[in-house]
Amino acid sequence: PAAAAPPLFSADEGTLLWIQYMRFARRTAASADAAEGGGGASSSASSSAAGAAAASSSNGSGLRAARRVFMRARKWKRCGWRCYAAAASLEWSLGGGGGGHGGGGGSQVEQVARNILELGMRAAAASAAAAGSSRDPAFVLHYSDFLAKTLGDAANARALFERALASAGADAAAVAGSASPFGGGGAPSPAPPSDVAPPPPLRSPFECLRALWDGYIALEWEFGGSGEVRALVARREGSLAAAAAAEAAAAASGGGAGAG
């Protein structure tokens with residue numbers, strides 16, 4: 001049988017295209033609304049009020065257009081986490097949460113942005129599981145920055161790191177029962193389906209765990225106290241030591257199996 005044609009774009013390239021398409025849809029819809037509502041006004045006061053109303057209306061229509069594109073992007077199984085991050089950013093900045101002209105309340109806009117990022121977390125976990133790889137910590141770092149620095153919610157940023165570290169720790173612990181550093185009992189992991197977004201270049205569970213701990217400690221340096229930082233550093237040392245030992249044991253087991 002004829003070999004399947006390779007995809008036109010890599011996962012990263014396709015994700016960037018969807019992001020640009022969302023932004024294009026937002027701009028063009030907003031511009032069309034602004035053009036339709038650009039009639040003259042009889043006074044400066046009424047002109048100012050009409051301009052504010054037009055800005056709110058055009059932002060709303062632009063955001064709705066961007067949402068429609070994002071719904072399509074989510075159905076593309078190779079869509080990466082950056083598309084979710086871009087959609088959440090649009091919701092926050094245009095929906096009124098970032099001081100924009102949207103008509104929604106701040107708390108409602110905040111929840112929409114959080115929901116999108118949570119969807120992205122689940123999608124990233126699913127694509128990593130399909131590829132037999134550890135989860136990319138970059139999304140967690142982005143999400144935590146949004147929570148702590150944009151929303152001022154350091155408590156939930158800490159909770160996010162705890163969740164991510166639990167998952168990364170499970171990935172690292174699984175290494176101890178496998179002859180391969182990435183699971184599979186020494187057999188190579190099957191290639192993910194062509195319509196599933198592969199994660200970035202393969203990183204060991206140890207590397208992912210270390211990146212998460214570094215991000216967590218950086219968060220605590222900025223928003224916590226010295227006591228909390230010292231406690232996290234101690235936890236980090238113990239966690240990384242256990243992960244390094246598990247990875248070394250898996251490598252030794254794999255070498256022994258290969259020699260046999």
Side-chain angles (χ1 to χ4, degrees), residues 7-124 127 138-153 156-157 160 195 197:
L8 292 175
F9 309 107
S10 70
D12 284 345
E13 291 168 340
T15 297
L16 179 59
L17 285 172
W18 279 115
I19 292 171
Q20 295 302 326
Y21 189 11
M22 273 196 298
R23 292 173 177 167
F24 172 78
R26 197 277 308 165
R27 286 194 304 271
T28 52
S31 297
D33 267 14
E36 289 176 5
S42 58
S43 69
S44 60
S46 59
S47 176
S48 176
S56 178
S57 174
S58 63
N59 273 337
S61 61
L63 191 52
R64 287 190 293 273
R67 286 171 181 163
R68 288 192 291 270
V69 175
F70 177 56
M71 292 296 291
R72 293 175 59 191
R74 283 184 57 201
K75 295 176 183 177
W76 186 55
K77 295 182 181 178
R78 304 180 73 217
C79 186
W81 66 263
R82 286 174 178 82
C83 191
Y84 292 83
S89 178
L90 281 174
E91 291 287 345
W92 176 252
S93 59
L94 296 179
H101 298 289
S107 59
Q108 180 182 356
V109 173
E110 176 182 322
Q111 191 57 52
V112 170
R114 288 176 188 260
N115 289 346
I116 291 172
L117 291 170
E118 283 296 325
L119 286 173
M121 288 283 285
R122 290 199 287 271
S127 66
F139 190 20
V140 177
L141 300 179
H142 173 89
Y143 191 178
S144 69
D145 271 359
F146 177 78
L147 289 172
K149 297 178 182 179
T150 302
L151 303 185
D153 188 358
N156 270 312
L160 172 67
D195 62 347

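Reckoned from all heavy atoms, side chains included, excluding hydrogens, waters and symmetry mates.
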Task: Expected output: side-chain Thr150 to main-chain Leu147 donor-acceptor under 3.5 Å - done: no

Would you compute the distance between atom [atom1] of [X] and atom [atom2] of [Y] and round it to the nearest 0.5 angstrom?
X: Arg68; Y: Leu63; atom1: CZ; atom2: CG; answer: 10.0 Å
X: Arg26; Y: Leu94; atom1: CZ; atom2: CG; answer: 5.5 Å
X: Leu151; Y: Trp92; atom1: CG; atom2: CH2; answer: 5.0 Å
X: Ser89; Y: Met22; atom1: OG; atom2: CE; answer: 9.5 Å
X: Asp12; Y: Arg78; atom1: CG; atom2: CZ; answer: 9.0 Å
X: Leu119; Y: Cys83; atom1: CG; atom2: SG; answer: 11.5 Å

- [ ] Name all residues meeting the ring pair (Phe, Tyr, Trp, His ring centres under 6.0 Å) criterion together with Phe70; count only those two or more places apart in sequence or in a different chain, and write none if there are none.
- [x] Tyr84

For [X] and [Y], which heavy atoms make the closest approach, and how far apart are they?
X: Thr15; Y: Gly80; value: OG1-N, 2.8 Å
X: Arg82; Y: Ile19; value: O-CD1, 3.6 Å
X: Ala29; Y: Gly62; value: CB-CA, 3.9 Å
X: Leu160; Y: Val140; value: CD2-O, 3.7 Å
X: Ala148; Y: Ala157; value: CB-CB, 4.1 Å
X: Phe139; Y: Ala124; value: CD2-CB, 4.4 Å

Open item on the list: Please verify the inter-ring angle class for Trp81 with His142; under 30° counts as parallel, over 60° as perpendicular, anything in between as tilted.
Closed with: tilted

- [ ] If the plane angle is over 60° it's perpendicular, under 30° parallel, otherwise tilted; pick one for Tyr21 and Trp18.
- [x] parallel

TODO: Measure the shortest side-chain to side-chain distance between Arg23 and Val69 over non-hydrogen atoms and say whether it is less than 4.5 angstrom.
DONE: no

Open item on the list: By the salt bridge (charged side-chain N to carboxylate O under 4.0 Å, His left out) test, which pairs, at least two apart or in different chains, include something from residues 114-124?
Closed with: Glu110-Arg114, Arg114-Asp153, Glu118-Arg163

